[in-house]
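What you see is a predicted model; the values in this text were computed from it and never measured. Chain letters run A, B, ... following the sequence lines, proteins first and then strands; every chain starts at 1.
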Amino acid sequence: MISVKLPDGSVRELAPGATAMDLAEQIGPGLAKAAVAARVNDKLVDLSRTLSDGDEVAILTKKDEDALDILRHSAAHLMADAILRVFPKAELTIGPVVEDGFYYDIYLPEGKITPEDFPAIEKEMDQIAKEAAPFKRCVSDGHDEIFARYKAIDGGNNKFKSELIAGIQERGEEMSFYRHGDFIDLCRGPHVPHTGFLKNVKLTKVSGSYWRGKAENDQLVRVYGTAFFTKEELKDYLHMMEEAKKRDHRVLGEKLDLFTFTEDAPGFPFFHPNGALLFNLLMSYMRSLLSRRGYQEVKTPLILSEELWHRSGHYDNYLENMFFTKLKLRDEQDRTKVREDAPEERPMAVKPMNCPGHCMLYKSHQHSHNQFPLRYAEMGLVHRRELSGVRHGLFRVQAFTQDDAHHFCTPDQIESEISMLIDFFTEVYSAFDLNDVRIELSTRPEKSIGSDEMWEKAESALKRALDNKGINYVLNEGDGAFYGPKIDFHIRDVLKRSWQCGTIQLDFSMPERFGLTYIGADGQRHTPVMLHRACYGSLERFLGIIIENYAGSFPLWLAPVQVEVIPVSEKFADYARRVTERLLDEGVRVHVNLSDDRVGYKIREASLKRIPYAIVVGEKEQSAGTISVRSRDGQEQSDLTIEAFLGQIDLNPPRRKPAPIAAEE
RNA sequence: GCCCUCAUAGCUCAGUAGGUAGAGCGCGUCCUUGGUAAGGACGAGGUCACCAGUUCAAAUCUGGUUGAGGGCUCCA
């Protein structure tokens with residue numbers, strides 16, 4: 001007999017050669033039925049895996065997070081099988097699990113796969129799922145029957161898989177295959193017990209990709225799908241996708257008349273009055289928090305000499321993303337001609353970042369450690385050239401406004417600065433009902449400036465700050481800015497999509513490059529530490545995020561129009577005007593609709609524009625000096641005085657309650 | 001930048017085996033003066049993204065450019 005340990009600490013006796021499935025059966029028939037895979041000594045394995053004496057075993061059911069990944073990985077096999085049936089010429093490459101599903105990259109020597117092919121593929125998949133064919137793990141040495149069978153699966157000449165196999169053999173790893181029915185694929189596993197688990201699978205989209213992600217390699221077709229354990233979960237997911245489409249900020253931006261783009265300025269948004277209002281609200285909310293946090297707002301130029309960008313390191317590391325100005329002159333002999341090659345004594349460049357400007361500002365005075373930490377903030381408009389294929393609504397533009405700031409401080413102030421910022425940023429996000437914040441730490445990238453020692457110092461300072469605050473974070477090796485490591489804030493919206501907003505970047509390089517100094521307590525000159533930070537990140541992107549997060553139904557303090565006043569007929573236009581003016585005097589963003597339409601139509605219009613309140617006035621209200629209020633969710637209140645209405649609503653952004661001052665003796 | 005797809009009125013879209021365009025919404029005028037998600041009539045609006053080519057004839061076919069959408073890569 002062998003004995004294994006369960007997660008609750010209990011020990012079970014099993015016959016030698018028993019599998020994880022045997023264990024599940026021994027524990028109970030319910031568990032055996034629900035079992036998907038097992039975790040043995042912290043490794044995910046198939047239920048069919050035999051257990052050894054002393055193993056620590058957990059049986060995974062659909063409730064375990066890892067189980068869903070296993071299901072989806074199995075679904076990728078199912079899809080690959082189906083695709084080979086529909087497209088016999090296809091060659092498989094890799095098929096991993098991704099955040100909300102899976103994909104398989106496929107090489108097609110001819111033809112293509114489009115969403116029109118999905119029904120045919122899904123039909124095959126349903127068929128295979130119905131067969132409930134068991135997933136069988138096989139290990140091969142590369143010369144046996146299993147291998148031969150595998151080679152035959154997609155034509156026998158799959159160079160992509162051959163490359164993968166060569167890699168496995170080179171590393172001396174075990175080569176495992178998984179088989180269901182006649183289909184067999186190179187795979188590490190584990191998988192669900194049989195294809196019967198894969199009844200709630202749906203293909204979602206198809207796109208192009210490259211072998212190993214490199215553009216110079218073969219072009220592949222990437223077919224995406226998703227899978228769930230239950231029909232309900234799949235339905236909810238598909239519903240969520242629909243919802244996301246409806247919330248698309250590019251669509252809402254047009255419907256709510258917030259912003260547009262034109263072909264003459266690709267990637268540069270034009271904010272309409274309502275959009276500009278929202279943009280300014282974001283800005284003024286941020287400004288209202290700055291002075292409390294010890295910031296001083298500054299303003300620095302958009303265009304600075306090219307030479308400055310050489311000094312900062314941007315020219316060497318960021319050139320492709322920068323816009324440069326170019327001098328043009330009329331030809332002296334022929335005024336109709338323009339010289340494109342006019343020599344410039346001082347070529348200029350448009351700023352892609354605000355930091356060099358703030359360094360110049362810093363240099364305009366002498367500084368002492370007694371002033372530290374010094375915090376300069378700027379709503380800085382920066383321009384960055386983007387590859388044409390990456391522009392995307394407000395999420396990725398070529399000119400954007402950063403709620404930027406730079407802290408100048410001594411090395412031992414770093415930790416408290418970061419601690420302050422984490423609290424600050426999370427407070428801001430929660431004001432927009434974004435409470436799911438994930439923090440990532442990114443370290444030195446390949447292209448970077450500064451010594452190893454500097455990077456080591458900076459990275460460990462950030463780690464220390466996070467650890468001491470007890471923050472959980474994800475580590476992204478090699479993902480830092482070229483001048484320093486960074487902490488990024490990733491936020492999940494109501495649809496669980498993740499967005500990068502805030503960033504805190506530590507920089508020991510730029511202060512040195514610009515010769516920044518301060519006088520320390522010892523009376524000597526020292527180089528300050530510089531901390532770059534932005535909370536929204538880009539106001540444009542953040543605006544896009546909250547448009548989607550709120551689906552255009554902004555909370556009252558953010559709604560471009562807060563109240564629409566609707567007279568029942570032309571006879572009450574004057575009264576409607578008086579109500580409107582009164583609300584205007586109270587600081588309400590109010591619009592009166594005096595057009596020649598019926599009440600129902602105007603209500604509908606206000607509601608499509610997601611205006612929080614519609615105030616309807618007619619005979620009744622006019623004679624009583626009251627209003628009727630209909631809120632965005634359809635609730636109606638009649639015979640309300642304006643004072644009573646004003647008493648019900650809060651026009652201000654959410655505010656953190658200040659701590660009371662206790663009396664001290 | 002790379003791959004795939006697309007571009008017709010302000011918006012959403014229809015159309016043509018190649019013979020220079022149509023709907024709904026919106027907009028304007030008029031009728032209607034109304035009580036909580038669409039009252040009615042009439043009207044104005046388009047070099048069919050741009051540039052070439054094929055053709056007697058191109059919005060339609062071909063090539064290119066630009067922009068947009070979905071991905072890859074990159075990123076705030």
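Rounded to an integer number of Å, the gap from CZ of R396(A) to P of G71(B) is 14 Å.
Straight-line distance between the P atoms of G10(B) and C27(B): roughly 14 Å, to the nearest whole Å. Atom name P, nucleotides A21(B) and G46(B): the rounded distance is 13 Å, in whole Å. Nucleotides G39(B) and A76(B), compared at atom P, are 50 Å apart to the nearest Å.
No side-chain donor-acceptor contact under 3.5 Å links E254(A) to the backbone of T260(A). N476(A) places no side-chain N or O within donor-acceptor distance of the main-chain N or O of D479(A), the cut-off being under 3.5 Å.
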Side-chain donor-acceptor pairs of residues 547-554 of chain A under 3.5 Å, sequence neighbours excluded:
| unit_1 | atom_1 | unit_2 | atom_2 | d |
| --- | --- | --- | --- | --- |
| E548(A) | OE1 | R497(A) | NH1 | 2.9 |
| E548(A) | OE1 | R497(A) | NH2 | 3.0 |
| E548(A) | OE2 | H249(A) | N | 2.7 |
| E548(A) | OE2 | H249(A) | ND1 | 2.9 |
| N549(A) | OD1 | V494(A) | N | 3.0 |
| N549(A) | ND2 | F432(A) | O | 3.2 |
| Y550(A) | OH | F432(A) | O | 3.1 |
| Y550(A) | OH | D433(A) | OD2 | 2.7 |

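In the set U73(B), G67(B), U33(B), U33(B) carries the atom at the smallest distance from any side-chain atom of S569(A). Distances were taken from every side-chain heavy atom of Y224(A) (C-beta onward) to each of C72(B), A37(B), C74(B); the shortest belongs to C72(B). Candidate nucleotides A76(B), G69(B), A37(B) were compared by shortest atom distance to the side chain of R630(A), and A37(B) ranks first. Among A37(B), A68(B), U73(B), the nucleotide with an atom closest to any side-chain atom of P266(A) is A68(B). For V616(A), taking side-chain heavy atoms from C-beta onward, the closest of the listed nucleotides C72(B), U36(B), G34(B) is U36(B).
Scanning for side-chain contact (heavy atoms from CB on, under 4.5 Å) contacts around R589(A) gives L277(A), L281(A), Q562(A), with sequence neighbours left out. H73(A) is linked by a ring pair (Phe, Tyr, Trp, His ring centres under 6.0 Å) to H77(A), H191(A), counting only residues two or more places apart in sequence or in another chain. Applying the side-chain contact (heavy atoms from CB on, under 4.5 Å) test to A614(A) and every residue at least two apart in sequence or in another chain returns I566(A), I603(A), R630(A). Shown here are the ring pair (Phe, Tyr, Trp, His ring centres under 6.0 Å) partners of Y224(A), two or more places apart in sequence or in another chain: Y103(A). By the side-chain contact (heavy atoms from CB on, under 4.5 Å) test, S538(A) pairs with F400(A), E540(A), R541(A), sequence neighbours left out. For E621(A), the side-chain contact (heavy atoms from CB on, under 4.5 Å) test picks out Y575(A), V617(A), T626(A), S628(A), with sequence neighbours left out. R396(A) pairs by the salt bridge (charged side-chain N to carboxylate O under 4.0 Å, His left out) definition with E386(A), not counting sequence neighbours.
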Any protein N or O atoms within reach of nucleotides 27-31 of chain B? Criterion: under 3.5 Å, listing atom names and distances.
| unit_1 | atom_1 | unit_2 | atom_2 | d |
| --- | --- | --- | --- | --- |
| C31(B) | N4 | D596(A) | OD2 | 3.3 |

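Position along RNA chain B of the nearest nucleotide to D597(A) versus Q402(A) favours D597(A) as the more 5'-ward residue. Taking the nucleotide of RNA chain B with the nearest heavy atom to each of A614(A) and F395(A), the more 5' of the two is matched to A614(A).
Within the nucleic acid shown, E621(A) comes within 4.0 Å of at least one base atom, counting heavy atoms only. Among the heavy atoms of the strands lying under 4.0 Å from G618(A) is at least one base atom, whether or not backbone atoms are also near. As judged by a 4.0 angstrom heavy-atom cut-off over every strand, S628(A) is placed among the base-contacting residues. Heavy atoms of K486(A) sit under 4.0 angstrom from primed sugar atoms or phosphate atoms, though from no base atom. Nucleic acid contact class of Q500(A) (heavy atoms, under 4.0 Å, all strands): sugar-phosphate only. Using a 4.0 Å heavy-atom distance criterion, K620(A) is classed as a base contact.
Between the side chains of Y295(A) and H407(A), at least one donor-acceptor pair of N or O atoms lies under 3.5 Å. A donor-acceptor contact closer than 3.5 angstrom links the side chains of Q505(A) and T503(A).
For RNA chain B, the residues of residues 376-386 of chain A within the heavy-atom distance limit of 4.0 Å (strictly under) are R384(A), E386(A), sorted by number.
For R604(A) against A38(B), a side-chain-to-base donor-acceptor contact under 3.5 Å is present. One cannot find a donor-acceptor pair under 3.5 Å joining the base of C72(B) and the side-chain atoms of R222(A).
Applying the ring-ring contact (aromatic ring centres under 6.0 Å, His included) test to residues at least two apart or on different chains, the pairs with a partner in residues 480-499 of chain A are H314(A)-F482(A), F395(A)-W499(A), F425(A)-F489(A), Y483(A)-H532(A).
Distances shorter than 4.0 Å separate some side-chain N or O of R250(A) from OP1 or OP2 on G70(B). The phosphate of A76(B) has neither OP1 nor OP2 within less than 4.0 Å of any side-chain N or O from T503(A). Side-chain N/O atoms of H392(A) include none lying less than 4.0 angstrom from OP1 or OP2 on A68(B).
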Given pairs defined as Watson-Crick or G-U wobble with both distances under 3.5 Å, what dot-bracket annotation applies to RNA chain B, with ( ) intrastrand, [ ] crossing, | other strand and . unpaired?
(((((((..((((.....[..)))).(((((.......))))).....(((((..]....))))))))))))....
